Amino acid sequence: MNVYVRRLISALLFCAVFSTSSFAADEVKENEGVLIIDVHARFSFQNISENHALGLWLTNAATGKSYGGSTDALGLMVVPEGVYCLDQVEMSPQGMGTMYFCKEPYIKVVRGKLNNAGRWSFVIDSSFRNVELKESLAAPDQTLELVKKKYPDYF
């Protein structure tokens, strides 16, 4: 594991203990990696610039275990190495509902690395029956910059 990733993981551990950020573990293990992801979701009748994504959950395809939480849709998480689906997105305001989506494309997390899943955008009908993925794995550079701005002490 390179020095950059070790420093980032140490900073994440500090944040996991002293903030409300969503982290999968309070201790980084040898088989874990850092994942960043930016999720946007809006209803079909709304302006494209509106974002109602409040929190997100990822599910490990091999184990079925979920990681994440309802704190932010700009995720910075420590998760075990593996393949994940973006399983659920909590909509805001809180209590509005949860969008379910566990389909391709999947997210691969490599241990000891900073894994960038980029921006994911969804359009949902008002009944939550139809969820359309508009983009995934998009704008990784922009996602990294957003994470750096939100968590400047980690970079």
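Quick caveat: nothing in here was measured; it's all calculated off a predicted structure. Excluded from the calculations below are hydrogen atoms, water molecules and symmetry mates; all remaining heavy atoms, backbone and side chain alike, are included. By convention here, the first residue in the shown sequence is residue 1.
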Can you find a pair of side-chain heavy atoms, one from Val39 and one from Phe122, that are under 4.5 Å apart? yes
Do Glu32 side-chain atoms and Lys29 backbone N/O form a donor-acceptor pair below 3.5 Å? yes
Suppose we screen for side chain to side chain donor-acceptor pair (under 3.5 Å). Which residues come up paired with Lys134, at least two apart in sequence or across chains? Glu132
With sequence neighbours excluded, what pairs up with Phe43 under the ring pair (Phe, Tyr, Trp, His ring centres under 6.0 Å) test? Phe45, His52, Phe128
Sort and list the pairs that fulfil disulfide bond (SG atoms under 2.5 Å apart) and have at least one residue in residues 122-155, not counting sequence neighbours. none
Determine whether a donor-acceptor pair (N or O, by modelled atom type, separation under 3.5 Å) exists between the side chain of Asn116 and the backbone of Pro140. yes
Connected to Val123, directly or through other members, by ILVMFWY side-chain contacts below 4.5 Å are none
By the disulfide bond (SG atoms under 2.5 Å apart) test, which pairs, at least two apart or in different chains, include something from residues 100-155? Cys85-Cys102
Hydrophobic clusters here meaning ILVMFWY residues chained together by side-chain heavy-atom distances under 4.5 Å, can you tell me if Tyr106 and Ile37 are in one? no
Correct closest heavy-atom pair for Thr59 and Ser66 would be OG1-OG, 3.2 Å
Through direct or indirect side-chain contacts below 4.5 angstrom among Ile, Leu, Val, Met, Phe, Trp and Tyr, which residues connect to Val110? none
Contacts of type side chain to side chain donor-acceptor pair (under 3.5 Å), residue Asp125, not counting sequence neighbours: Ser127, Asn130
For Pro105, which residues count as a side chain to side chain contact (heavy atoms under 4.5 Å, CB included) partner, sequence neighbours excluded? Trp120, Leu133, Ser136, Leu137
Listed partners of Thr143 passing side chain to side chain donor-acceptor pair (under 3.5 Å), at least two apart: none
Indicate the atoms forming the closest heavy-atom contact of Leu54 with Ser92, along with that distance. CB-CB, 3.9 Å
When the side chains of residues 76-84 are checked against the rest of the protein, which donor-acceptor pairs come out under 3.5 Å, sequence neighbours left out?
| residue | atom | partner | partner atom | Å |
| --- | --- | --- | --- | --- |
| Glu81 | OE2 | Arg111 | N | 3.2 |
| Tyr84 | OH | Asn60 | ND2 | 3.3 |
| Tyr84 | OH | Pro80 | O | 2.6 |

With a 3.5 Å distance limit and no angle check, can you tell me whether Asn51 reaches the backbone of Ala41 through a side-chain donor-acceptor pair? yes
Interatomic spacing from NZ in Lys148 to CD1 in Ile36 - rounded to 0.5 Å: 9.0 Å
What are the two closest heavy atoms between Met91 and Ile124, and how far apart are they? CE-CD1, 3.7 Å
Let me see the working for Leu58 and Asp87 under side-chain contact (heavy atoms from CB on, under 4.5 Å), right down to the final yes or no. CA-CA 5 Å; Leu58 302 170; Asp87 190 20; over 6 Å; no
With no hydrogens and no angle check, just 3.5 Å: does a side-chain donor-acceptor pair link Thr98 and Gln88? no
Mind jotting down which residue pairs meet the disulfide bond (SG atoms under 2.5 Å apart) criterion with at least one end in residues 109-155? Sequence neighbours excluded, please. none
Asn115: partners by side chain to side chain donor-acceptor pair (under 3.5 Å), with sequence neighbours left out: none
